[in-house]
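Here is the structure we will look at.
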Amino acid sequence: DSAGKISQGTNGLLSAGGNIDLKAGSTVGEFANSINLAASGVVKANGSNVYLTSTKDLNLSTVESTGVVDINTTAGKIDIKDTITGDTVTLNAQGHIVQSTDAQSITATNGLKLLSQTGNIGEESNAIKFTIIEAYSSKIREIVLTKKLFSIFSFLILYIGQRDVL
């Protein structure tokens, strides 16, 4: 917990053999300097903006922000294990982006981007719930989405392969 912001020096890595829980009165990480981390457990974050980069598979617990949520992996997948809330939410995984069970959802008031560099977004047996989305996978095999929670849904843009608009 921090009353102010949580930031990290250049080339630092926050590593844990278990869970990581980051809670700040303002931002967790910064636009040009996200919190670099590696956790074998789940990662939870709460701040006015949340910027995280994982060096391996990332198991996301609750992520809450009134502003930007920008979460990346440089290796591995992103597994959504709880709710993610923000004004704009970007999940950018080197591997797959999956959702553990049907109970999780992503709420993005003004925009949601799911980017997979080499894997799938969602699974046929467990689609990702969302409100607004722009999804792109540079080596697309499958995008699976559900409209179950579209209370604020105003548009759906999918970029697939060479960014052809559907």
Side-chain angles (χ1 to χ4, degrees), residues 1-2 5-8 11-24 27-31 33-109 111-146 148-149:
D1 283 341
S2 171
K5 70 179 181 178
I6 296 174
S7 60
Q8 186 171 50
N11 299 323
L13 178 68
L14 176 61
S15 183
N19 301 334
I20 295 175
D21 187 352
L22 302 167
K23 186 173 184 179
T27 67
V28 174
E30 298 171 293
F31 174 73
N33 191 25
S34 64
I35 300 293
N36 295 310
L37 51 84
S40 62
V42 296
V43 174
K44 182 177 184 179
N46 183 313
S48 58
N49 294 302
V50 175
Y51 299 95
L52 304 174
T53 299
S54 178
T55 59
K56 61 182 210 168
D57 285 351
L58 178 60
N59 297 308
L60 279 179
S61 183
T62 305
V63 177
E64 296 177 327
S65 173
T66 55
V68 173
V69 173
D70 188 350
I71 298 174
N72 303 277
T73 63
T74 58
K77 68 180 179 182
I78 295 175
D79 188 349
I80 303 163
K81 296 189 173 292
D82 210 328
T83 58
I84 299 172
T85 306
D87 183 56
T88 61
V89 175
T90 300
L91 302 180
N92 182 1
Q94 187 61 38
H96 305 295
I97 298 175
V98 296
Q99 198 167 18
S100 291
T101 67
D102 196 43
Q104 293 78 34
S105 66
I106 302 170
T107 303
T109 309
L112 172 61
K113 290 184 183 181
L114 302 177
L115 297 99
S116 172
Q117 302 305 316
T118 61
N120 296 332
I121 297 174
E123 300 170 309
E124 189 160 341
S125 63
N126 199 14
I128 294 176
K129 293 181 184 180
F130 58 90
T131 54
I132 298 173
I133 188 164
E134 175 182 337
Y136 170 74
S137 179
S138 59
K139 294 188 178 180
I140 190 72
R141 293 193 312 238
E142 182 176 350
I143 292 181
V144 182
L145 307 171
T146 179
K148 203 181 241 185
L149 295 179

Which atom names give the shortest non-hydrogen contact between Asp57 and Lys77, and what distance separates them? OD1-N, 2.8 Å
Using every non-hydrogen atom in the two residues, find where Lys44 and Ser61 come nearest and quote the distance to one decimal. CB-CB, 4.1 Å
To the nearest 0.5 angstrom, please state how far the CG atom of Leu14 sits from the OG1 atom of Thr53. 12.0 Å
Worked check of side-chain hydrogen bond (donor to acceptor under 3.5 Å, both in side chains) between Asn92 and Gln117: CA-CA 8 Å; Asn92 182 1; Gln117 302 305 316; 2.9 Å; yes
Scan Asn72, Thr90, Leu91 and name whichever one has a side-chain contact (heavy atoms from CB on, under 4.5 Å) with Leu115. Thr90
Specify the closest pair of heavy atoms between Ala38 and Thr55, including all atoms of both residues, with the distance to one decimal. CB-OG1, 3.4 Å
Looking at Ser34 and Leu52, would you say the former's side chain and the latter's main chain have a donor-acceptor pair under 3.5 Å? no
Ala45 and Val50: which non-hydrogen atoms are nearest, and at how many Å? CB-CG1, 3.8 Å
Does the side chain of Ile84 come within less than 4.5 Å of Val69's, by heavy atoms? yes
Using a strict 4.0 Å threshold on nitrogen-to-oxygen distance, state whether Lys23 and Asp21 make a salt bridge. no
Nearest heavy-atom pair of Ile121 and Ser116: which atoms, and what distance? CG1-CB, 3.8 Å
Taking atom OG1 of Thr74 and atom CG of Asn36, what is their separation to the nearest 0.5 Å? 8.0 Å
Working to the nearest 0.5 angstrom, can you tell me the gap between Glu123 CD and Ser100 OG? 8.5 Å
Hey, what do you get for CD1 (Ile35) to CD1 (Ile71), rounding to the nearest 0.5 Å? 12.0 Å
Testing the 3.5 Å rule here: is there a donor-acceptor pair between the side chains of Asn49 and Ser65? no
Quick check: closest heavy atoms across Gln94 and Thr73, and the distance to 0.1 Å? N-OG1, 2.9 Å
Taking the side chain as every heavy atom from C-beta outward, state whether Leu60 and Lys81 have any pair of such atoms under 4.5 Å apart. no
What distance separates Leu58 CG from Leu37 CG, expressed to the nearest 0.5 Å? 6.5 Å
When rounded to the nearest 0.5 Å, the distance separating OG1 of Thr85 from CD1 of Ile106 is 9.5 Å
